[in-house]
Structures are given as C-alpha cells and as structure tokens.
2 protein chains.
Amino acid sequence: MALEIKRVGEKKTDMKECSTKILAVRDALEIFSGKWKIPIIGALIYLETSGFKELQRMIGDITPKMLSKELKELEMNLLVKRTVEDTRPVTVTYSITEYGKTCQSVIFELYQWGENHRNKIKEEM
Amino acid sequence: MALEIKRVGEKKTDMKECSTKILAVRDALEIFSGKWKIPIIGALIYLETSGFKELQRMIGDITPKMLSKELKELEMNLLVKRTVEDTRPVTVTYSITEYGKTCQSVIFELYQWGENHRNKIKEEM
DNA sequence: CAGAATCCGGTCAGATACTG
DNA sequence: CAGTATCTGACCGGATTCTG
C-alpha cells in the first residue's frame with residue numbers, strides 16, 4: 001500500500017525512507033498540476049498530432065504564453081515531442097510520445113478518485 | 001483508458017464530455033497538491049492519530065500557519081478528522097478517516113509513476 | 001499546547017501587444 | 001502560423017509575533 005512504513009526499526013530511518021517516496025509523489029504531482037497540463041495531454045491524445053494554433057483552439061481559453069510554457073515543460077519531461085519542419089512558413093507540430101501515453105493510467109486513477117470524491121462531497125451536504 | 005474520447009459523433013460533444021472529466025481530475029489534483037498535503041497524509045497514516053505539535057515535529061519544516069491551513073482543507077475534504085477533547089488545556093487530535101485511507105491507492109499510483117519517471121529522466125541525461 | 005494575525009517576497013497566470 | 005515581451009493583479013507560502 002501507499003506510504004506504508006514498517007513499524008520495525010527506528011523512526012528516523014522510516015521517515016527518511018518516507019521522504020524519498022514523497023519526493024517521487026511530488027514529482028509526479030508537479031508534472032500534472034498547473035491549470036493546463038491535463039487539458040493539453042488530453043487534447044494531444046485526441047488529436048495525436050497538432051500545430052500550435054490548432055491546439056490552442058482545441059483547448060479553448062489558454063493564452064499562447066501559457067501554452068508555450070506548458071508545452072516546454074511537457075517536452076522536457078518527454079511526454080510531448082516537438083517537431084519543426086523546414087517549410088515556409090515553418091510548420092511546428094506537437095505530438096504525444098509513447099512514453100507520454102503511459103501517464104494515462106495515472107490520470108485515469110486521478111479521474112476515478114476525483115469523480116468519486118465529488119459524489120462523496122455532495123452527499124455530505 | 002484515460003481521457004478516451006469516442007471518435008464517433010461531433011467534436012463539441014466529445015470535448016464537452018472531456019471537460020467534465022478534466023474537472024474531476026483537477027479536483028483530485030487540487031486536493032493532493034500544495035507542498036504539505038502528502039506529507040501530512042503520510043504522517044497521519046503513520047501515526048494514526050496525533051496532536052498539532054507532534055504532527056508539526058514529525059513533518060519537519062512546516063510552520064503552524066501552513067499546518068493549520070492544510071489540515072483545515074483536508075478536514076473539509078473528509079480525509080482528516082479533528083477532535084477536541086474538553087480537558088484543560090484542551091487536547092486536539094487529528095486522525096485520518098477511513099475515507100482518507102482510500103486515497104492511498106492514488107498516492108501509490110503517483111508514487112510509482114513518479115519513481116519510474118525519475119529513472120527515465122536520469123537515463124536521458 | 002493549539003493555533004490566529006500580520007507582514008512580505010516570490011511565483012502564477014491572464015491581458016495585451018508585438019515579431020519573423 | 002508560431003510564438004515572445006511586458007505589465008499586472010492574485011495568490012502561495014515562509015517568518016515572526018501574539019493569544020488563551
């Protein structure tokens with residue numbers, strides 16, 4: 001199970017081991033958080049490949065600045081591939097990488113939990 | 001699979017349905033993001049029940065303001081229960097709820113993906 | 001002990017305008 | 001088309017101090 005900590009041994013060891021795990025969780029969280037990461041990933045999975053403007057239209061409200069920034073981060077994390085074709089004017093296409101597709105399972109977990117949570121919270125009111 | 005969008009029918013319908021899903025994902029993300037949520041949940045799963053100061057010591061660097069704020073949010077989301085015992089001085093204990101434990105699976109998914117991602121990124125350098 | 005109140009710098013993200 | 005540049009208000013999170 002998550003964050004399970006053996007109750008044997010000393011506390012400090014356990015908490016240290018735990019901190020390392022927490023770092024991994026935070027890494028994952030950071031990659032997906034921000035207002036636009038998930039929409040972008042979703043759109044790219046849907047479109048498979050897309051230009052900048054097309055992507056912007058698909059997502060809706062995002063400003064070019066934000067789109068550019070988020071795409072850079074996703075690219076750094078190897079989830080998205082940016083390709084420049086040397087036409088005139090230059091054609092730039094973005095596509096999701098095979099590796100990028102592996103995050104679908106995490107996103108799906110988040111979706112399920114979130115969906116369930118919404119109902120839970122509503123019930124309680 | 002996550003964010004799967006049926007390729008039949010019209011785009012607008014699909015994207016709208018997709019937006020709703022994205023909201024659920026964002027809800028989940030919001031609950032776990034912030035610098036301290038995961039450490040707090042982890043500590044509470046470990047301690048099962050704890051006082052404010054004890055929790056603060058366990059987590060390490062967190063200021064009382066942050067701890068207080070995060071605990072309130074977790075309580076609002078039914079993940080944490082706050083109990084006040086009418087002793088003198090008052091004893092306040094925090095514990096994880098049964099429902100709170102259900103997020104372990106999500107956190108574990110995040111942990112696994114994050115851990116794997118760290119290696120992936122290292123490889124690439 | 002269990003917090004609340006205040007101050008404050010840094011980052012986030014939107015609006016707008018501009019470039020090649 | 002594919003972005004960059006600048007300005008700005010909002011918010012996050014830390015430090016410190018104070019209360020019952």
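So you know, we letter chains A, B, ... as the sequences are listed, proteins then strands, and number each from 1.
Checked against salt bridge (Lys or Arg N to Asp or Glu O under 4.0 Å), R57(B) has no partners two or more places apart in sequence or in another chain. With sequence neighbours excluded, the residues that form a side-chain hydrogen bond (donor to acceptor under 3.5 Å, both in side chains) with E98(A) are K101(A). With sequence neighbours excluded, the residues forming a side-chain hydrogen bond (donor to acceptor under 3.5 Å, both in side chains) with T87(B) are T91(B), listed by chain and number. Every residue two or more places apart in sequence or in another chain that forms a side chain to side chain contact (heavy atoms under 4.5 Å, CB included) with V80(B) is listed here: L44(B), L71(B), L74(B), Y94(B). Remark: N77(A) pairs with I31(A), L79(A), H117(B), I121(B) by the side chain to side chain contact (heavy atoms under 4.5 Å, CB included) rule, at least two apart or across chains.
In the helix from dC1(C)-dG20(D) to dG20(C)-dC1(D), the terminal helix axes, each the rotation mapping four pairs' C1' atoms onto the next four within five end pairs, subtend 30°, rounded to 10°.
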- With sugar-phosphate taken as primed atoms, P, OP1 and OP2 and all else as base, the protein-contact string of nucleotides 15-20 of chain D at under 4.0 Å (heavy atoms; B, S, -) is B-----

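Sorted by first then second residue, the side chain to side chain donor-acceptor pair (under 3.5 Å) pairs that include residues 23-37 of chain B, not counting sequence neighbours, are R118(A)-D27(B), K37(B)-E73(B). A side chain to side chain donor-acceptor pair (under 3.5 Å) check over residues 61-70 of chain A, counting only residues at least two apart or in different chains, returns nothing.
Residue R82(A) is in sugar-phosphate contact alone, with no base atom involved, counting any heavy-atom pair closer than 4.0 Å across all strands shown.
Proximity of residues 67-79 of chain B to DNA chain C (heavy atom under 4.0 angstrom from any strand atom) is restricted to S68(B), K72(B).
Contact footprint of chain A on DNA chain C: nucleotides with an atom under 4.0 Å from a non-hydrogen protein atom, first to last in 5' to 3' order, dA13(C) to dA15(C).
Residue Y94(A) has no polar side-chain atom (N or O) positioned under 4.0 Å from OP1 or OP2 of dC1(D).
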